[in-house]
4 protein chains.
Amino acid sequence: MTFFIDTLSGVPIYRQIIEQIRYAVARGELKPGVQLPTVRQLAVDLSINPNTVVRAYRELEIEGLLDSQQGSGTFISSKEVEIDEGERRRMIDQITTELMIRAAAYGFTPDDLVEALRHRQETST
Amino acid sequence: MTFFIDTLSGVPIYRQIIEQIRYAVARGELKPGVQLPTVRQLAVDLSINPNTVVRAYRELEIEGLLDSQQGSGTFISSKEVEIDEGERRRMIDQITTELMIRAAAYGFTPDDLVEALRHRQETST
Amino acid sequence: MTFFIDTLSGVPIYRQIIEQIRYAVARGELKPGVQLPTVRQLAVDLSINPNTVVRAYRELEIEGLLDSQQGSGTFISSKEVEIDEGERRRMIDQITTELMIRAAAYGFTPDDLVEALRHRQETST
Amino acid sequence: MTFFIDTLSGVPIYRQIIEQIRYAVARGELKPGVQLPTVRQLAVDLSINPNTVVRAYRELEIEGLLDSQQGSGTFISSKEVEIDEGERRRMIDQITTELMIRAAAYGFTPDDLVEALRHRQETST
DNA sequence: GTGGTCTAGACCACC
DNA sequence: GTGGTCTAGACCACG
């Protein structure tokens, strides 16, 4: 997989990595057993500090999404990570809330957001 | 105006204040010349440190949205702050992008988001 | 005399009053014995707090430029205020220093300042 | 770069830092990408509180002149900060106006100022 | 009373 | 190690 890091967004790098891996798994691009880039390799590729990669991998390992095997590498965990449906529900609620507030601060209505989302879908199709 | 601070969200308090004021001005609730709560008063109301309020007010003053007058108080700036339309466009793009990535990390599609937004609107009607 | 107060400049109001009186005296517009507006009158005229006028007058009285006479008003002092020549020298040095630094922060050279000053003189002639 | 703080001038410390950085950038001493002293280091060097440095850096970051990267340091922003020529013009006007008023309060004419500026240039040559 | 500045020191997030 | 945020409390400038 390819990563895209935006150092200007203010979003921590390790978090960007985490979310992109989670996303890739969620949509099936990364299947159980697949090997991820090594810590050092990814650090070089993204021109970032290896510790940052370590931190992202470790957090996903704790979560159960990855399996790090000493000496051989890091892999997508075979055991499906079931996210509790209630938790998932709360998650999308939290996300929409935060972003409605942020959009509202610039005078955007929820309708504007919906339109922007639709526009994104069309252009990326 | 009334403020609502969520200390658990991870969003800095001063930033929450900034966005709520920006929002109130954007939707016309706070008009030019109107006085904001004093630094000390708002600090007491929100049970936070006065310096935190100072910081929020100061940032908005630099931006030109507020006018602080030593000895008399802090007011909504009389000069309209023109937000460049291009900038506003970039803003909603950035917001929706972040929204989509974070949602995708939990397996939500843009359609799920639109639905969540619609649901919000209906329930709040 | 007429006063001009700029509340947006950041320069304290009482200081603007002080400097304008000092200036008027320096160039001979206000001669010894002349009565200044009463505190209340000036406060009303400039739409400011009477205490602000009191402060300006008091500071000039301490300096010896004004004489406040209980019950009758405030007057330009009859005794010439001799400013020590050394002090005057230090004053202009301090002023030029501060303003060269401030101008330099925006990339202006002393030559730019000289030119700007000359331009002022011509346009105001 | 080296900083010089004058605690007796009445000019806030954080503002002195801001102007000296702005100046150094304006005259090309600090180029894009160059790292500034760390917050703690500069605080020690100048014998001031780290928060005061933070405040100066922060203001310049909002302005776009600096980039602060958590964990690595504070740098001169790569993106050139375009100062609008009209704004620059207004700036020197405001500065010279203030200079002339303050000088006039002590009986100095614009010519005296020009002379003082010239004198400065010669002696510093 | 108002806001402005500074200090001292804490804890967190990130690299 | 770096910067980011917040608190507590001081003193000053201003109206």
Side-chain angles (χ1 to χ4, degrees), chain A residues 5 7 10-18 39 43 46-56 59, chain B residues 5 7 10-18 35-43 46-59 61 66-75, chain C residues 5 7 10-18 39 43 46-56 59, chain D residues 5 7 10-18 35-43 46-59 61 66-75:
Chain A
I5 301 299
T7 56
V11 181
I13 296 172
Y14 81 95
R15 190 165 289 276
Q16 294 185 44
I17 296 174
I18 288 177
V39 169
L46 302 179
S47 305
I48 59 176
N49 190 308
N51 282 328
T52 307
V53 181
V54 168
R55 178 165 183 178
E59 209 146 306
Chain B
I5 300 301
T7 56
V11 180
I13 296 172
Y14 81 94
R15 192 161 288 280
Q16 294 185 42
I17 296 173
I18 288 176
Q35 180 169 11
L36 287 172
T38 68
V39 169
R40 289 167 176 80
Q41 188 56 50
L42 187 53
L46 301 179
S47 303
I48 61 176
N49 188 296
N51 278 330
T52 306
V53 180
V54 166
R55 179 167 185 179
Y57 280 11
R58 176 172 191 76
E59 206 143 311
E61 192 190 359
L66 299 185
D67 262 333
S68 287
Q69 306 220 346
Q70 201 160 352
S72 60
T74 302
F75 306 83
Chain C
I5 301 299
T7 56
V11 180
I13 295 172
Y14 81 97
R15 190 166 287 277
Q16 294 186 43
I17 296 174
I18 287 176
V39 168
L46 302 179
S47 305
I48 61 176
N49 190 309
N51 281 330
T52 307
V53 181
V54 167
R55 178 165 184 178
E59 210 146 306
Chain D
I5 300 300
T7 54
V11 181
I13 296 172
Y14 81 93
R15 192 160 288 279
Q16 294 185 43
I17 296 173
I18 286 176
Q35 180 169 10
L36 287 172
T38 68
V39 169
R40 288 167 176 80
Q41 188 56 49
L42 187 52
L46 301 179
S47 304
I48 60 176
N49 189 294
N51 278 329
T52 305
V53 180
V54 166
R55 180 168 181 178
Y57 280 10
R58 176 172 191 77
E59 207 144 311
E61 193 190 358
L66 299 184
D67 262 333
S68 286
Q69 305 220 347
Q70 202 161 350
S72 60
T74 302
F75 306 83

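Numbered from 1 within each chain, the chains take letters A, B, ... in sequence-line order.
Nearest-nucleotide assignment on DNA chain F puts the 5′-proximal partner with D/Ser72, out of B/Thr52 and D/Ser72. Each of B/Asn49 and B/Arg15 lies near DNA chain F, and the nucleotide nearest B/Arg15 is the one positioned closer to the 5' end. Annotation: of the two residues near DNA chain E, D/Pro12 and B/Gly73, the 5′-most nearest-nucleotide partner is B/Gly73.
At whole-Å resolution of the value, CD in B/Glu61 and C1' in E/dT5 are 14 Å apart. In this entry the distance linking CD1 of C/Ile13 with P of E/dG3 reads 15 Å, nearest Å. Rounded to an integer number of Å, the gap from CD of B/Gln16 to C1' of F/dG4 is 15 Å. Taking atom CG on D/Leu42 and atom C1' on F/dT2, their separation rounds to 14 Å, with Å as the unit. Note: CD1 (D/Ile17) to C1' (E/dC6) measures 12 Å, nearest angstrom. Distance, A/Glu59 CD to E/dC14 C1': 12 Å, rounded to whole Å. The CG atom of B/Leu66 sits 11 Å away from the P atom of E/dG4 (whole-angstrom rounding). Rounded to an integer number of Å, the gap from C/Ile5 CD1 to F/dC14 P is 13 Å.
Using a 4.0 Å heavy-atom distance criterion, C/Arg55 is classed as a base contact. Using a 4.0 Å heavy-atom cutoff across all strands shown, C/Ile48 reaches no nucleic acid atom at all.
In this structure, the side chain of B/Gln35 engages the main chain of B/Ser72 through a donor-acceptor pair within 3.5 Å.
Dashed line: the shortest gap from a side-chain N or O of B/Thr38 to OP1 or OP2 of E/dT2 is under 4.0 Å. Side-chain nitrogen and oxygen atoms of B/Tyr14 include none within less than 4.0 Å of the OP1 or OP2 phosphate oxygen of F/dC6.
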Pairs counted only when both distances fall under 3.5 Å, Watson-Crick or G-U: show me the 5' to 3' dot-bracket for DNA chain E, [ ] for pseudoknotted crossings and | for other-strand partners.
||||||||||||||.

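If you take CD on B/Gln69 and OG1 on B/Thr74, they are separated by 9.0 Å, rounding to the nearest 0.5 Å.
Side-chain N/O atoms of B/Asn51 and base N/O atoms of F/dG9 include a donor-acceptor pair closer than 3.5 Å. B/Arg58 contributes no side-chain N or O that forms a donor-acceptor pair with the base of E/dG4 under 3.5 Å.
Under the 4.5 Å side-chain criterion, counting only non-hydrogen atoms from C-beta, B/Ile48 is not in contact with B/Leu42. In this structure, the side chains of D/Thr52 and D/Leu46 stay at 4.5 Å or more apart for every pair of heavy atoms. With a 4.5 Å cut-off on side-chain heavy atoms, B/Thr38 and B/Val53 do not count as touching. Two residues are said to be in side-chain contact when any heavy atoms from C-beta on lie closer than 4.5 Å; D/Arg55 and B/Arg58 meet this criterion. A heavy-atom distance below 4.5 Å is not found between the side chains of D/Val54 and D/Asn49.
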